[in-house]
Amino acid sequence: MSKDDKYLRTAFDLLDRNRDGRVTANELQFMLKNLGINVRDEIIHDLIREASHSGNGLINEAEFLQWVGRIQALRDEQQQQHDDSTSNASKPVDEADDVTEDLIAAFRVFDRDGNGFITRDELQTAMEMIGEPLNEQQVEQLLAIADLDQDGRINYEEFTRLLL
């Protein structure tokens, strides 16, 4: 299992609140709202519909991994196109700005003291706040995944890499 697969499985487990092996639109919406990310219900349902091969409004782990893989491939393709572009023409950045604002809002949910870092205690508290309490081992695993510079805390860049 690759490191990315391990991260995605952890993300799936966090979304799957009732541990039934499937993520519903409500579970996805609950997590996003608790992270301060507001997405209209119809968009959530469209996302679930796109990811679910069975069309039953549920995403199992395999579907989730495939779906995120497609999203990552599109993001990589977009980044490549952006890097290849020599034009500095102005383009709509509203969508990118919205994502940035949402990520900053989500980061602030976790960064309780506003120092620019998410500590182990802040991570544990925030996860409890969003209805996903973690035991010590789970906190360690999440820190190991997210804390790329291994300083014992998560900065904004590490946080966004975890989510994007």
Side-chain angles (χ1 to χ4, degrees), residues 1-84 95-96 98-107 109-110 118 120 122-124 126-150 153-164:
M1 175 188 324
S2 78
K3 197 173 188 182
D4 285 343
D5 283 349
K6 184 177 179 183
Y7 298 158
L8 292 175
R9 284 192 167 91
T10 299
F12 180 83
D13 289 343
L14 291 172
L15 286 169
D16 183 18
R17 295 183 42 112
N18 64 358
R19 307 287 185 252
D20 67 353
R22 301 174 299 191
V23 172
T24 66
N26 288 340
E27 287 171 322
L28 180 57
Q29 184 71 285
F30 176 84
M31 179 65 74
L32 291 173
K33 279 185 180 175
N34 282 306
L35 290 171
I37 301 170
N38 294 311
V39 180
R40 291 189 327 267
D41 287 342
E42 55 268 17
I43 292 174
I44 294 291
H45 288 288
D46 287 346
L47 291 170
I48 295 288
R49 212 175 4 264
E50 175 190 328
S52 175
H53 299 293
S54 63
N56 63 359
L58 304 169
I59 305 173
N60 65 30
E61 187 176 282
E63 292 168 333
F64 178 78
L65 295 174
Q66 289 174 349
W67 181 56
V68 172
R70 284 195 312 269
I71 291 169
Q72 288 174 328
L74 288 171
R75 186 190 67 196
D76 293 346
E77 184 180 305
Q78 252 183 345
Q79 183 62 44
Q80 184 63 41
Q81 288 173 353
H82 179 268
D83 291 347
D84 290 346
E95 191 174 313
D98 288 348
V99 170
T100 300
E101 286 177 22
D102 290 344
L103 287 171
I104 290 169
F107 185 81
V109 168
F110 286 81
I118 301 169
R120 157 192 294 287
E122 288 172 326
L123 178 61
Q124 196 155 25
M127 294 306 291
E128 287 170 5
M129 218 173 69
I130 63 172
E132 296 293 336
L134 302 176
N135 63 35
E136 283 301 313
Q137 181 183 6
Q138 291 169 318
V139 171
E140 281 297 321
Q141 288 173 339
L142 197 50
L143 272 174
I145 290 168
D147 183 19
L148 301 176
D149 63 9
Q150 298 180 343
R153 55 194 185 168
I154 302 168
N155 62 36
Y156 177 75
E157 182 180 337
E158 292 167 332
F159 182 78
T160 56
R161 285 183 185 211
L162 180 67
L163 296 178
L164 296 178

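Numbers here are sequence positions counted from 1. Heavy atoms only: backbone and side chains are in, while hydrogens, waters and symmetry mates are out.
The side-chain hydrogen bond (donor to acceptor under 3.5 Å, both in side chains) test applied to Glu157 returns Arg161, not counting sequence neighbours. Scanning for side-chain hydrogen bond (donor to acceptor under 3.5 Å, both in side chains) contacts around Asn135 gives an empty result, with sequence neighbours left out. Remark: Arg17 engages no residue in a side-chain hydrogen bond (donor to acceptor under 3.5 Å, both in side chains) (not counting sequence neighbours). Partners of Arg19 under the side-chain hydrogen bond (donor to acceptor under 3.5 Å, both in side chains) rule, at least two apart in sequence or in another chain, do not exist in this structure.
Residues Leu58 and Thr24 approach most closely at CD2-CG2, 3.3 Å, considering heavy atoms. Taking all atoms of both residues into account, the shortest heavy-atom contact from Arg40 to Gln29 is C-NE2, 4.1 Å.
Sparse packing is recorded around CD of Gln150, with 12 or fewer heavy atoms of other residues, nucleotides or ligands lying under 6.0 Å away.
Expressed to the nearest 0.5 Å, how far CG of Asp20 lies from CD of Glu27 amounts to 6.0 Å. We find the CG-CG distance between Asp13 and Leu142 to be 11.0 Å, quoted to the nearest 0.5 Å. The CG atom of Asp16 sits 10.5 Å away from atom CG of Asn60, with the distance rounded to the nearest 0.5 Å. Rounding to the nearest 0.5 Å gives a distance of 11.0 Å between CD of Glu61 and CG of Leu15. Distance check, rounded to the nearest 0.5 Å: CD of Gln138 to CG of Leu123 gives 10.5 Å. Separation of atoms CD (Gln124) and CD (Glu136) is listed at 5.0 Å; rounding is to 0.5 Å.
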**OP:** Report the C-alpha distance between Leu14 and Met127 in whole Å, list the side-chain angles of each, state the deciding distance to 0.1 Å, and finish with yes or no for side-chain contact (heavy atoms from CB on, under 4.5 Å).
**Re:** CA-CA 9 Å; Leu14 291 172; Met127 294 306 291; 3.4 Å; yes
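Exactly one residue among Asp147, Thr160, Asp149 makes a side chain to side chain contact (heavy atoms under 4.5 Å, CB included) with Asn155. That residue is Asp149.
Looking at Ser52, its side chain never comes within 3.5 Å of a backbone N or O of Ile59 through a donor-acceptor pair.
The shortest side-chain heavy-atom distance between Ile118 and Glu158 does not fall under the 4.5 Å cut-off.
Residue pairs meeting the ring-ring contact (aromatic ring centres under 6.0 Å, His included) criterion with at least one partner in residues 44-65, sequence neighbours excluded, are Phe12-Phe64. Contacts classified as salt bridge (Lys or Arg N to Asp or Glu O under 4.0 Å) and involving residues 43-60 (residues at least two apart or in different chains) are given here: Asp46-Arg49.
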